[in-house]
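No experiment lies behind these values; they were computed from the predicted model shown. Every chain is numbered from 1 and lettered A, B, ... according to where its sequence line falls, protein lines coming before strand lines.
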Number of protein chains: 2
Amino acid sequence: MNPTELEKKILDTAERLFLEKGFNGTSTTDIARAVGCNQALVHYYYRTKEKLFSDIYMQKIEQFLNYANLYKYDGDFYGFVNQMVCAYFDFLNTHRQLPFFIINELALNKDRRCQIKDIVVQNQQKQEIYYSVDKIIQDEIKKGTIKPIETFDLLINCLSLVAMTFLTLPMVTDFLQKTPEQVDQYLENRKKEIMTSILCRLKPEQTI
Amino acid sequence: MNPTELEKKILDTAERLFLEKGFNGTSTTDIARAVGCNQALVHYYYRTKEKLFSDIYMQKIEQFLNYANLYKYDGDFYGFVNQMVCAYFDFLNTHRQLPFFIINELALNKDRRCQIKDIVVQNQQKQEIYYSVDKIIQDEIKKGTIKPIETFDLLINCLSLVAMTFLTLPMVTDFLQKTPEQVDQYLENRKKEIMTSILCRLKPEQTI
DNA sequence: GGCGTATTTAATAAGTATATTAAACAAGAT
DNA sequence: ATCTTGTTTAATATACTTATTAAATACGCC
């Protein structure tokens, strides 16, 4: 095997196993076995399991956050929301284990919460995005094009509906014994329903 | 200590630790230490860690499912939905770790999914509840009192919004450094917002 | 070919986890 | 007082975990 090729393979395999089984559920021996190399090699390249996991976790958090990029706002608020939510849904659809992976570790590990806090809260760029979205929303509310809502609530609503779709997907798949095609169909339906729900929440009532 | 009192104390302590740290994150030694007894005693009463966990997990699943009891339907559909969702929210508010506990284990452990499947899917009583709710909803849709929606989608929407509130609560608390009072306030707000969202999804548009 | 460096492995230390066993202990019955 | 039964502990077997170390291997370079 090409030198340093194993280093990459260890990282990829670790990522796959950690996503599947979490930190506690995956041993460096498991990783080595899956790679087909000696267990010491995992430590040679990454020194500790914690460091290996941490590298992967941070990268996944970044990936998760960075996807929340601001799309161009051309004045069509409903198109804007639709675009953002669909993009996020499609992104998570290609990374189905991501919501669980992130929540799992944050819920189980208080240290990790502290570690992540600064990245999330004190991220200048994210704050700016939040404030621009906030401004857009509050403007639309003033204009009367959408019903009053807190920006934070809207974001949490969207996150809840989208993320929970993928958090519960293993149950939906296994319990209802869906084929891969049926799963895709189910996800398409959910995406539509989520958009409907969010838009209903925003659309002002027609005055008679 | 009163004989057999320890048996109960082990169960309670195990429940607390499993809820906090999950199956993998809790050892029988941890449990014994927290109880203040010998580690062998845990095995004396429950034989294996798996059996101990399984007993607790099943009981929690039951608790989670059983709370979905049918409230009397007196024809006021919005009151009906409001009552159901609020009851569930309040229930989870007194069992904040429950959603994570359940999802965590179902996501990590395929065996557990199989184990649970029959309880959830082939539960006669739950099926009857599902069908009565389905009937009520489809009737209301025909009457035009609510917008068309799949029963399954409505349930998943409610579950997503309510459960995700508690799945993300540790992050909200830690990241935004909320005091217990502020957390309660936040939860009250979320409950209102969730009700608003769901009712908006259901209310038919006013025709001009 | 031989040297130096990076990669990989075997061996192992040190610790922890689950589970069992046998012995100690407690308390009521005879 | 001893026997019985249930409870609790100490000791331990077995296996597995993380991490380190020293030796083996591979590879480029002189």
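In this structure, the CG atom of B:Leu6 is 14 Å from the C1' atom of C:dC25, given to the nearest Å. Rounded to whole angstrom, the span from the CD atom of A:Glu5 across to the C1' atom of C:dA6 amounts to 16 Å. As rounded to whole Å, 16 Å separates atom C1' of C:dT9 from atom CZ of A:Arg33. Distance A:Leu41 CG to C:dT8 P: 5 Å, rounded to the nearest Å. Rounded to a whole Å, the CG atom of A:Leu52 is 10 Å from the P atom of D:dA19. Whole-Å rounding puts the B:Lys9 NZ to D:dT7 P distance at 17 Å. One atom, CD1 of B:Ile10, and another, P of D:dT7, lie 11 Å apart when rounded to the nearest Å. Residue A:Tyr46 contributes atom OH, which lies 14 Å from atom C1' of C:dT7 at whole-angstrom precision.
With sequence neighbours left out, B:Phe89 forms a ring pair (Phe, Tyr, Trp, His ring centres under 6.0 Å) with B:Phe166. For B:Phe53, the ring pair (Phe, Tyr, Trp, His ring centres under 6.0 Å) partners are B:Phe18, B:Phe23, B:Tyr57, B:Phe101, not counting sequence neighbours. By the ring pair (Phe, Tyr, Trp, His ring centres under 6.0 Å) test, A:Phe100 pairs with no residue at all, sequence neighbours left out. For B:Asp12, the side-chain contact (heavy atoms from CB on, under 4.5 Å) test picks out B:Lys8, with sequence neighbours left out. Under the salt bridge (Lys or Arg N to Asp or Glu O under 4.0 Å) criterion, A:Lys49 pairs with no residue at all, not counting sequence neighbours.
Side-chain proximity of B:Thr29 to C:dT8, D:dT17, C:dT18: nearest is C:dT18.
Among residues at least two apart or in separate chains, salt bridge (Lys or Arg N to Asp or Glu O under 4.0 Å) pairs with a member in residues 149-161 of chain B are A:Arg190-B:Asp153.
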Heteroatom pairs (N/O) under 3.5 angstrom, protein to nucleotides 23-26 of chain D:
none

Close N or O pairs between protein and nucleotides 19-22 of chain C (under 3.5 Å):
from: C:dA19; atom 1: OP2; to: B:Lys49; atom 2: N; distance (Å): 2.8
from: C:dA19; atom 1: N7; to: B:Gln39; atom 2: NE2; distance (Å): 3.2
from: C:dA19; atom 1: N6; to: B:Gln39; atom 2: OE1; distance (Å): 3.1

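For the 3.5 Å distance criterion, the side chains of A:Thr29 and A:Gln39 fail to qualify, holding no donor opposite an acceptor. There is a side-chain donor-acceptor pair under 3.5 Å between B:Ser27 and B:Asp30.
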Between side-chain atoms of residues 79-88 of chain A and protein atoms elsewhere (two or more places apart, or another chain), which donor-acceptor pairs fall under 3.5 Å?
from: A:Tyr88; atom 1: OH; to: A:Phe64; atom 2: O; distance (Å): 2.5

